[in-house]
There are 2 protein chains.
Amino acid sequence: MNSLFKALSHPVRRRIIEMLRTRPLTSGDIAAAFDMAWPTVTGHLNTLKDAGLVEVEREGASMRYRLNISAVEEALAFLMDLARAGEPASDALTSKEKPS
Amino acid sequence: MNSLFKALSHPVRRRIIEMLRTRPLTSGDIAAAFDMAWPTVTGHLNTLKDAGLVEVEREGASMRYRLNISAVEEALAFLMDLARAGEPASDALTSKEKPS
DNA sequence: GAACTAATTAGGCCTTTTCCTAATTAGTTC
DNA sequence: GAACTAATTAGGAAAAGGCCTAATTAGTTC
């Protein structure tokens with residue numbers, strides 16, 4: 001959960017996942033979209049991968065990155081619960097064990 | 001938007017906003033919940049305030065912090081849009097100007 | 001107003017993050 | 001397999017983040 005929000009905390013990384021929203025892209029496609037060195041983009045992609053936000057697959061000489069929606073939904077669940085301020089917290093997010 | 005996700009990227013700060021979900025609390029209440037120096041907690045509260053996630057109000061000698069839901073909803077909107085992968089992006093988040 | 005409570009700002013140290021260039025690995029093509 | 005394309009890992013400098021103690025501000029109480 002922490003690496004997830006950490007990964008979302010950088011504008012370049014958020015932009016990358018926005019780019020992946022509609023379709024998978026290669027490292028090259030992504031690197032070309034930013035005014036920074038390619039290894040820097042690779043670093044951001046690794047951060048996203050470690051957080052589970054993207055998945056990678058080799059495709060010939062290229063690497064194809066795709067968005068992993070379920071990781072997005074995890075972050076979403078945290079914020080949704082917050083947005084219901086005042087109501088009781090959802091079990092899924094706060095309880096440590098089953099009710100007796 | 002960036003300061004918003006930055007603020008959400010630290011576990012202590014996420015815990016603080018969880019604590020504020022049900023009701024406003026004073027600095028003292030919040031600081032007491034963590035095993036760290038009070039000024040460190042103040043620092044986190046300032047980060048949350050700068051991001052618009054909390055609002056502060058003096059109450060006698062104390063400061064009362066409350067969650068600002070609309071900031072949470074802003075982050076929520078970003079993630080919701082992502083979660084609809086494949087579909088066209090929402091105008092609210094991507095368009096720079098009105099359609100002709 | 002002196003003493004006490006609540007909380008903040010200031011300053012410094014250490015760690016992590018971010019970015020770069022250079023070197024390396026993996027795959028394709030002739 | 002040499003040359004080329006695609007992308008990564010390595011190493012290091014600069015900036016940002018997180019935490020602490022000490023000092024300060026703001027408010028209350030006697």
Side-chain angles (χ1 to χ4, degrees), chain A residues 1-20 23-68 71 75 78, chain B residues 1-21 23-68 71-72 75 78:
Chain A
M1 177 88 138
N2 196 41
S3 63
L4 180 53
F5 277 101
K6 270 274 192 63
L8 289 168
S9 75
H10 194 286
V12 166
R13 289 191 295 261
R14 284 198 305 279
R15 182 74 195 108
I16 290 173
I17 58 180
E18 279 183 332
M19 290 172 67
L20 294 174
R23 65 191 175 292
L25 296 170
T26 66
S27 299
D29 293 335
I30 297 166
F34 296 94
D35 188 23
M36 34 174 44
W38 194 331
T40 302
V41 174
T42 295
H44 286 306
L45 287 170
N46 279 335
T47 301
L48 289 169
K49 180 154 55 73
D50 292 347
L53 276 163
V54 303
E55 280 157 6
V56 209
E57 187 183 15
R58 178 171 286 282
E59 193 173 284
S62 296
M63 302 295 271
R64 183 162 300 272
Y65 286 82
R66 76 182 64 250
L67 182 61
N68 180 13
F78 175 87
Chain B
M1 178 85 140
N2 197 42
S3 63
L4 180 53
F5 277 100
K6 268 275 190 59
L8 289 168
S9 75
H10 194 285
V12 166
R13 288 192 296 261
R14 283 198 305 278
R15 181 75 194 106
I16 290 173
I17 59 180
E18 280 183 333
M19 291 171 66
L20 294 174
R21 203 187 73 97
R23 65 190 175 293
L25 296 171
T26 65
S27 298
D29 294 335
I30 298 166
F34 295 94
D35 187 24
M36 36 174 42
W38 195 332
T40 301
V41 174
T42 295
H44 286 306
L45 287 170
N46 279 335
T47 300
L48 289 169
K49 180 154 55 72
D50 292 347
L53 276 163
V54 303
E55 279 157 6
V56 209
E57 185 183 17
R58 179 171 285 281
E59 192 172 285
S62 296
M63 302 295 271
R64 182 161 299 273
Y65 287 82
R66 76 182 62 250
L67 182 62
N68 179 15
V72 174
F78 175 86

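Heavy-atom basis, side chains included; hydrogens, waters and symmetry copies ignored.
Between A:Asp35 and A:Gly60, it is A:Asp35 whose nearest contact on DNA chain C lies nearer the 5' terminus. Comparing A:Val12 and A:Glu59 by the nucleotide of DNA chain C whose heavy atom lies nearest to each, the residue mapping closer to the 5' end is A:Val12.
The shortest distance between the side-chain N/O atoms of B:His44 and the OP1/OP2 oxygens of D:dG17 is not below 4.0 Å. Put simply, A:Arg58 has a side-chain N or O that comes within less than 4.0 Å of OP1 or OP2 on C:dG27. The phosphate of C:dT18 (OP1 or OP2) has no side-chain N or O of A:Thr40 nearer than 4.0 angstrom. The side chain of B:Asn46 places an N or O atom within less than 4.0 Å of a non-bridging phosphate oxygen (OP1 or OP2) of C:dT9. At D:dA16, none of the side-chain N or O atoms of B:Lys6 fall inside 4.0 Å of OP1 or OP2 (strictly under the cut-off).
Side-chain polar atoms of B:Thr26 and B:Asp29 form a donor-acceptor pair below 3.5 angstrom.
Backbone-only contact: A:Arg13 has heavy atoms under 4.0 Å from sugar-phosphate atoms and none from a base. Backbone-only contact: B:Tyr65 has heavy atoms under 4.0 Å from sugar-phosphate atoms and none from a base. Among the atoms of the strands shown, only primed sugar atoms or phosphate atoms (P, OP1, OP2) are found under 4.0 Å from some heavy atom of A:Ser27. If you check every strand for non-hydrogen atoms under 4.0 Å, B:Thr26 touches sugar and phosphate atoms only.
Ion pair B:Glu18/B:Arg21 not flagged as a salt bridge, since none of the NZ, NE, NH1 or NH2 atoms sits closer than 4.0 Å to an Asp/Glu carboxylate oxygen.
Each of C:dC20, D:dT8, D:dG27 was ranked by its minimum atom distance to the side chain of A:Thr42; first place goes to D:dT8.
Base pairing annotation: C:dG27 forms a Watson-Crick or G-U wobble pair with D:dC4, both donor-acceptor distances under 3.5 Å.
Contact annotation: the side chain of A:Phe34 never approaches that of A:His44 to less than 4.5 Å [non-hydrogen atoms, C-beta and beyond].
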